[in-house]
4 protein chains.
Amino acid sequence: MSTEHRQAKDYLARILEAHSLEDLNARLAPSPEPMPARLPRDPRLTPGAVDKRWAVLASGDEGKDLLLDPQTQALMERYQRNIENFVGTVKVPVGIAGPLRVNGLFAKGDYYVPLATSEAALVASYHRGAQLISRAGGCSAMLLNEGVGRAPAFAFRNLREAGRFVAWAVQQFEAFRAVAEATTRHGELSDLRLTVEGNHVYLLLEYHTGDASGQNMVTLATDAVVEHILASSPVKPQYHFVEANLSGDKKASAQSFQSVRGKKVTAEVELPAALVEQVLHTTGQRMTEYWRMSALGGVMSGTLGVQGHYANGLAALYIACGQDAACVAESAVGVTRFELTPQGGLYASVTLPNLMVGTVGGGTGLPSQRACLEILGVAGPGHARALAEVCAALSLAGELSIIGALCAGHFARAHRQLARG
Amino acid sequence: MSTEHRQAKDYLARILEAHSLEDLNARLAPSPEPMPARLPRDPRLTPGAVDKRWAVLASGDEGKDLLLDPQTQALMERYQRNIENFVGTVKVPVGIAGPLRVNGLFAKGDYYVPLATSEAALVASYHRGAQLISRAGGCSAMLLNEGVGRAPAFAFRNLREAGRFVAWAVQQFEAFRAVAEATTRHGELSDLRLTVEGNHVYLLLEYHTGDASGQNMVTLATDAVVEHILASSPVKPQYHFVEANLSGDKKASAQSFQSVRGKKVTAEVELPAALVEQVLHTTGQRMTEYWRMSALGGVMSGTLGVQGHYANGLAALYIACGQDAACVAESAVGVTRFELTPQGGLYASVTLPNLMVGTVGGGTGLPSQRACLEILGVAGPGHARALAEVCAALSLAGELSIIGALCAGHFARAHRQLARG
Amino acid sequence: MSTEHRQAKDYLARILEAHSLEDLNARLAPSPEPMPARLPRDPRLTPGAVDKRWAVLASGDEGKDLLLDPQTQALMERYQRNIENFVGTVKVPVGIAGPLRVNGLFAKGDYYVPLATSEAALVASYHRGAQLISRAGGCSAMLLNEGVGRAPAFAFRNLREAGRFVAWAVQQFEAFRAVAEATTRHGELSDLRLTVEGNHVYLLLEYHTGDASGQNMVTLATDAVVEHILASSPVKPQYHFVEANLSGDKKASAQSFQSVRGKKVTAEVELPAALVEQVLHTTGQRMTEYWRMSALGGVMSGTLGVQGHYANGLAALYIACGQDAACVAESAVGVTRFELTPQGGLYASVTLPNLMVGTVGGGTGLPSQRACLEILGVAGPGHARALAEVCAALSLAGELSIIGALCAGHFARAHRQLARG
Amino acid sequence: MSTEHRQAKDYLARILEAHSLEDLNARLAPSPEPMPARLPRDPRLTPGAVDKRWAVLASGDEGKDLLLDPQTQALMERYQRNIENFVGTVKVPVGIAGPLRVNGLFAKGDYYVPLATSEAALVASYHRGAQLISRAGGCSAMLLNEGVGRAPAFAFRNLREAGRFVAWAVQQFEAFRAVAEATTRHGELSDLRLTVEGNHVYLLLEYHTGDASGQNMVTLATDAVVEHILASSPVKPQYHFVEANLSGDKKASAQSFQSVRGKKVTAEVELPAALVEQVLHTTGQRMTEYWRMSALGGVMSGTLGVQGHYANGLAALYIACGQDAACVAESAVGVTRFELTPQGGLYASVTLPNLMVGTVGGGTGLPSQRACLEILGVAGPGHARALAEVCAALSLAGELSIIGALCAGHFARAHRQLARG
C-alpha cells in the first residue's frame, strides 16, 4: 500500500495548493453539527414513502423525473423485495452482442447477448468477438462443477477443545445435510471442509443451489446448521459467526480455484488463420506473442489467474440480466490461453472458476432484467447452467476481440472513434 | 482449479442423468448450421437502427416495451457515445443510504448515497452503517494518492537490446510527458516505471486524469508515447503492444497496493461503546473478535487485502452514478481494521487503494446517472476526489453494518425478512 | 517487477561509473572462447574422482583441506547416494535451542533442537522462545493432515477429448492406486484431484509417504500411473508431462492452504502475563498490538499467509537434520495469531500447512545429520509426525521471541551484540 | 487451510488406530512435570561451554564425534560470531556444477559452482544445465536493481495525526539519510516509501548495502532513524516498532516484484535446436509446450511468479557459500520464460527479483563457506553483484535441465538411478 516519498511529496504539494495543512487537518475532525433531514424510518417501497424520500433529497424535480419516470412508477411494486429506501431506477443503456454460437453441455445455440454498460466500445468489441467465434462454428463450452459455500467459524478455549469439536464434526455430514436441506426446496448440502487454525475452527459448507445464484439460500441453511451445532456439539464454542470470510463471498480469492464458488466453466474455440486475418486484421502468431507477454504481465502484477478483461463483459451481462453485480469481484478471475495450432490457426480458451449466476431469484424477476434474460433465451428455471456457459463464451469473445485489437494496433483507435464520436 | 475426484464423479453422475456421454460430447462440436439473422452492420444509435435490431430479436413486444420505454425513447440520443447496438435501457432500482457524514480532505458534509442494486438488504445495511457513522460525528476520510496507468510492452531480440532500450528510456521522462500531454487537456504524465523480464521491457506510464476516471485518456496518451518511442528509440523492438496486462486494468492485483490505480483513500471512525450497542446490538469486543477471525479467514482463502464486502456498496454506487462497473473487479480490494479503544469503544478503518471513479466522462453524463451524482452532490468537474472519499466512507459504513449483523446474530434474519418479505 | 524511473536512472548512473554502456553491452554477448578444464564425466563419488575434480578447480590447497577434512574423507562413501560431483563438505555451525516442551499428538516431551545457521542471534532467539514456552508447561501441537502430491498433465486435441478423458479418469482411482502402490513399500495413493483448463487436464495425485518426506517416492509412483494412463485411456493425449507445476513443489503456493503438501500442523500456547513480562520484558497488550500491525503489514506486502520468520527456524532445523532445505520455500508459510486472554495473558498460535519433513530417506541418514536427529530424539522410522509437530512448536517459539524483542525495543540491540561481539 | 471432510475423517481414523480420542486429548494439555537439564546460561562459544552442552545432551559419544570432529574443534573460534549454544558443525556434502559460462554486467567468465545438498540428482541436473548453457557461449545476465528494506511502523491516535506525521516525514528524506548513514560504513539510504492504513503509518526504508547482504546493517540504521523520528516528529505515535512485517523479510511477497529486496537479476540464453536435442534429448517445441502448461500450472496453484525449482539451486548455493539459507523463502520466486526462436532454437530466460546475497559479512567468512566462495571466484569485497548474476545463471541452468528431463521423459528415471543407486 506504499507510495514513493517523492510521489507522496508531489501529491502533498498539489493538495496544499488549495488548503493549508491546518485547514485540511481541521476538516477531518468529527463534526458535532446537527444532521440534515433524515429519510423516513420505514425502508419499504410504497408510493407515499417514495415521495417522502424525494421531499428529503435536495435534488430538483428533473432528477426525480429521470429516476421516477412513468414506467418505473407503473411497475414500482415489482421492485419491493429487491431494494430498500427506493427512489426510482437508474437506466443503463443496453446493447446486443451476437449472435454468439455456443456448443455447450447446457447452452446450445445462437445467443443474442444483452450487455448493459456506459463504456463506449465495449459492446462493439464483444460483438466482434461473438461474430468471430460464430463464423468458426461456435465455441465449445463445458460446465465443470458448481456449488456455493458459506463459512461459519467457531472459537474454542484451546486446541484440545477445537480438536474434540473437529473429531465430532467430521462425523456429522449427514446430520448437517438434513438440517440444511430442511430450510430450502432447491438447495442441497454437497460438501463440507474443515479448517483448524489454533483454537479456531472454520467450516466451509458447500451447496448446490439449483437455478438460483443462491447466496441467501446458503445463508439461511447455514444459519440452521450453526444452530444445530450449538445445540448438539459435545464442546461449546466461546463464540461463533455464521460467516467468517473464508467463503470468498464478494471477493477474488485464490481458494476459489480449488474449492467451489458458483459455476466453473471452460470454453474454447479453434480459429483458422484466414478468419483471424479477415476479422481481426492480425495473425495467430502475433496473438500468441501477445498472450505470452500479457500472461507474464498479469503474473508480475500479482493477479489471481491470468486474463485480460473478463470483468467488462461479465459486469455488463450481470447488470442487464439481473445478476448480483457485486459478484463481478469474484467472477472476473480465471485463465485465458492462446496457442498456435499446427495448421497455423489460433486455439483460444478461457476457464472461469467462479461464475455467480442464476436464472431465478435475486434480480432475475425484475421487469427489464427479465426481458434481457428472455432476449438471451435463458429466463427462469432450468437455465442457470446454460447461462454460465454463455458467460464463459462471452468472456472468450471479449478476450479474442481485445487482443486482436491490441495486436492490430487498433485498440486506441477504436476507443477514440467510439467514445469521442 | 482442481476438483476432488469424488466430487467430480458426483457431478458427472448428475449431468449424465439427462444425457449420455456420447450425446454430451456431440453437443460440443463446432456446428456448421447456418447462422440466424444478423444484427444490422452499423452499430450506431439511431431510431431506425434500434427498430431494425428489435426486428431481429425473437423476443416479444413486452420485452421491447420494457427496455425501450417512452423516457428511454425520448432521451435516446443521450446514449449515443456510450453504447453500440443499442436496444434500450435496463432499469436498476435505486435506494438511498444516508445521510452519511464525511469529514474528508475533499468530501465534507452529509451525503445521501444512491445505490443501484437488485439485492435485498443491501441498501438497508449500508443505510444503517451510514446512520451509525453520522451519529458519531461522521468519519474522517483522506485521499492518499491518485493516478491511472497504462503498460505498453516491447519485445527485443535479446537482453542486450533490451538493456540499451532501458538505458535510453530512463532518460526520456520529460520527452514522454510532452508527447503524452499533447493528446489531452486534463491528463498529466506523473510517473514512469520500467520492468525488464529477459528480453521484454514493460513500461508503466502513470497519469493524473483530473476529474475523469481516465481510462480512455491514458490509452490515447500512451498510444502517442508508443508511436514516439518507435520513431525515436535507438533500438527497435521486434514487436510491441500498447498495453500488456501489467496495469491492473479490470482486475484485482497485488501490484496496485504499491503503485497507483485510480484513487487511494483511507477512512476511519471511532464509535463510543454505547452507540455500538444501541445501533448494532453488539459490543466492540465482539466486533474485534470478528475482525480478527475474518481477517485470517480472508488470508487463508488467499484474497488480496482483507475486507468484508466492499464490492456490494461500490458496485451499487458505480452503477447508480455512471462509473465503470467493471472496475469493481479492481476497486473492491483493501484493508479493513477494527480495534477496541482504551475507552471500550470501537475504532474502525478501511483503506482502498484502487477506487476508479470520475465525475466527468464515461457514463457520468447519462440522464439518470447524472441525476444520481446530483443527489450525491458530486456531479461535474471538481468533484472526483470527493467522490472517492465518499466511496471509502460508504465502504466503512458497509463493513460496520454487516459485521454488526454477524456479531448480533442478525445476518441471516435480515436476509430472510427483506428478501422473502 | 517494476522499478521507478528515477531509481532506475540512479542505478544506471552508478553502474556506468565503472564501465561505458558500450562496454557493458559487449560483456553480455555470448562468448566463443574455449571452455576451461571440464570436470570428469562420471559424477559418482570415489576417492579418485574427488581428486580429479580438485585438480580441475583452480582453488588452492587450503580450500581442499577445509572441504575435504579427515572426517569427511573417512566417511566419504556415506554421501554417495546424496550428491554428484562431490568435492567435500561444507561445515555449518550447529547450536541448540531448548529444551522445548511439546505436548503434541505425536511429539510428547522436552526437545533439544539442533539448528544449523551462520546468522548471529538466531539460535539465541529461538532458545529464548523455547524457554518461554517450556516454562508455561509447553505448547500443544496437533498434526492436522498429511500427504504429498505430484501433478502430471495431459494436452488433448480439444475440450471434447479432454472431457472424455476426465469422464474416464474420475472412475480410475482404485486402478491408479494399485499401479502407484506397486512401486513403493510405504507410499499410499490417498486422493486424486482433477483440473480442466481448456483442452488441458492436470491430475493432482496425493500420497501418504510414511516417514519419508517422499518426493522421490511420489515421482516414481506417478510415473507408473502416467504409463498406465497412456496404455489404458480411451483417448490419447497429444503430449503429457509427469509434473506440470501444479503440485507446489519447491515454492510457496496459495493452493497448499487447501490441498495437502507435506504435513499440516498447528501449535498453541497460553502464557501468563507475568511470564511474558519476566522473559520478554514486554506485555501481552503490546504483543497483540504488534500482531495486528504486522499481520496487516504482511497482507499489504502480498504474502501467502501471515507470519513473521518461520523460515529462520525451519531452514536451520532442515539443514541440521538432513531435510530438503529447498523446501523452506514452501514450508515457511502459514498463520501466526496472538490474542490477549481474558486473564491478561497472551494466547499465541501458529499453523503451518506445508511442512516437508521426514525421518528416513533423503539426507536423514548422513552422519552428522543423523546425529542431529538423534539429539532431537526423532531419528529413523516412526518419527516423522513428531518431527513435524516439533517444527511447529519451534516456529511458535521463534514468533514469540522475535515479536517480544520488537515490542521491548531489543531487536536491533540483540543483533548488534551477538553479531558484532 | 481447509481439508475435505472425508479426508479429515480418514485421517482421524488413522490416528485413532494407536490412541483413543481421550488419550490424544490428554497428551495436548500443558505439562507441569519438572524440566530436564538446562543448557548453560551463557550462549557463547568457548571449549568449556561446548563440553558442558554435550554433557546435557543425552545423545551418545558418536554424535559428539560427528558434530565436533577434529577440524571443527581446531577452527571453533571462527564460528563465535555466527552461532549461539554451539555444539559442533553439520557436514553438508558439496558437489560442483559447471563450469557455467556467464556473460554478465558483473559476472564474466566460467564459474565452478559449489552446491551443498543432500538431495540426489540435484547437482547432476544443474551440472547438465550449466554444460548446456556454456556450450551455447554462455548466458547473458544483467543486474537490474539492488537494495534492502526495513519497515518501521507507527500507530497514531487518529487519521489526523497520521496525516500530520506523513506531511512531516515526506520532507525528511535527507535527514533520515544522514542519521541512517552515520551508523554504517557501507550502507546508504536510497529510498523511502510510505504507507497509510487508517491511523497507522508504515515507512519502508530502502538501502544499498555494498557487498553485504545487509540485513543487520539496515536494522541498525533503521533503529537510529526511528530514534530520530521519536525525538523530532511534531506528532508522537502511541506506539511503534522498528519492523512491522512490510519489508518482505524471510518470506515470498508480491510486493518485492515492485519494490527492492536484495538484487534483481535477469539472465537469458538462446540455444540452437541441435544443442537442445543433443544435450537434452528433446526439442524446443516440446519445451515451450511444457513452459506454457507449467506456467499455467503455477498460476492455478497460486504461486508468486511462475518458475520451476529456483529453490533447489539457490538453497544449495546459499548453504555452500555462507549465505542466509532462510532467505530462500524470498529469493526463490521469479519468472521463467521459454520461447521458440524463428530459427527453431530455444530462447530461455529467468528473472529473480529478490536475491539476498553478499560476499562479506554473515556466514561468508566461515572456513569452508569461504572456501566455496573462492572456488566460485567471488570471495570478499567487490563481488556481491557478480554473485547475484551467477545465482540467476544457475537458476536458468536448473530450469533448462529439469524441463529438459520432464520433456524427454527422463525425470523419474534420473531420480531412480541417482537416489537408489
Side-chain angles (χ1 to χ4, degrees), chain A residues 1-12 16 21 24-29 151 158-161 163-164 166-167 169-173 191-197 202-204 246 254-255 257-259 288-289 291-292 295-296 298-306 335 337 339 351 353, chain D residues 1-12 16 21 24-29 151 158-161 163-164 166-167 169-173 191-197 202-204 246 254-255 257-259 288-289 291-292 295-296 298-306 335 337 339 351 353:
Chain A
M1 205 84 91
S2 67
T3 304
E4 211 270 341
H5 73 104
R6 287 171 291 201
Q7 207 175 59
K9 210 165 147 181
D10 291 350
Y11 167 69
L12 188 68
L16 289 176
L21 200 58
L24 288 176
N25 207 42
R27 288 171 68 90
L28 264 64
N158 51 42
L159 189 47
R160 280 165 287 153
E161 295 197 353
R164 281 171 53 208
V166 167
V170 295
Q171 314 287 352
Q172 303 301 312
F173 180 70
D191 210 348
L192 168 67
R193 301 179 64 87
L194 300 103
T195 294
V196 179
E197 183 271 307
Y202 300 69
L203 303 182
L204 182 53
L246 197 84
Q255 169 185 262
F257 280 56
Q258 266 67 52
S259 75
T288 56
E289 286 164 355
W291 175 79
R292 190 172 48 218
L296 293 183
V299 163
M300 292 191 293
S301 65
T303 58
L304 301 170
V306 284
V335 171
R337 174 159 52 91
E339 284 187 29
T351 309
Chain D
M1 204 86 87
S2 66
T3 304
E4 212 269 341
H5 73 104
R6 289 171 288 202
Q7 207 173 59
K9 211 164 144 181
D10 291 350
Y11 168 67
L12 188 68
L16 289 175
L21 200 58
L24 289 174
N25 207 42
R27 287 171 70 89
L28 263 66
N158 51 41
L159 189 46
R160 281 164 288 155
E161 295 197 352
R164 282 170 56 207
V166 167
V170 295
Q171 314 287 351
Q172 304 302 311
F173 180 71
D191 210 347
L192 169 65
R193 301 179 63 89
L194 300 101
T195 294
V196 178
E197 183 271 306
Y202 300 71
L203 304 181
L204 183 53
L246 197 84
Q255 168 185 263
F257 280 58
Q258 267 66 51
S259 75
T288 58
E289 286 164 354
W291 175 79
R292 192 172 46 221
L296 293 183
V299 163
M300 293 191 293
S301 66
T303 58
L304 301 169
V306 283
V335 171
R337 174 160 51 91
E339 285 187 28
T351 309

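Every heavy atom of this structure was used, including side-chain atoms; hydrogens, water molecules and symmetry mates were not. Residue numbers start from 1 in every chain, and the chains themselves are labelled A, B, ... in the order their sequence lines are given, proteins ahead of strands.
- If you run side-chain contact (heavy atoms from CB on, under 4.5 Å) between A:Glu4 and each of D:Asp191, D:Val170, D:Leu194, D:Leu192, only D:Asp191 comes through.
- With sequence neighbours left out, the salt bridge (Lys or Arg N to Asp or Glu O under 4.0 Å) criterion links A:Arg337 to A:Glu339, C:Glu197.
- Here A:Ala167 is the residue among A:Gly163, A:Ala167, A:Gly298 with the most heavy-atom pairs under 4.5 Å with chain D.
- No part of A:Ala254 comes within reach of chain D, as not one of its non-hydrogen atoms sits under 4.5 angstrom from that chain.
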Original post:
Do D:Gln171 and A:Leu12 pass the side-chain contact (heavy atoms from CB on, under 4.5 Å) test, and can you show the C-alpha distance, the side-chain angles, and the key distance before you say yes or no?
Top reply: CA-CA 10 Å; D:Gln171 314 287 351; A:Leu12 188 68; 4.1 Å; yes
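- Your options are D:Ala29, D:Gly305, D:Gly302, and the one with the most heavy-atom pairs under 4.5 Å with chain A is D:Ala29.
- Atoms NE2 and CD, on A:His5 and D:Gln172 in that order, are 11.5 Å from each other to the nearest 0.5 Å.
- In this pair, D:Trp291 and A:Trp291 present their aromatic rings perpendicular. The plane angle is above 60°, beyond the 30 to 60° band.
- Within the 4.5 Å cutoff, side-chain heavy atoms of A:Leu296 are placed close to those of D:Val306.
- For chain D, the option among A:Lys9, A:Glu289, A:Arg164 with the highest count of heavy-atom pairs below 4.5 Å is A:Lys9.
- Taking chain D as the reference chain and counting heavy-atom pairs below 4.5 Å, the highest number among A:Leu203, A:Leu204, A:Leu28 is found for A:Leu28.
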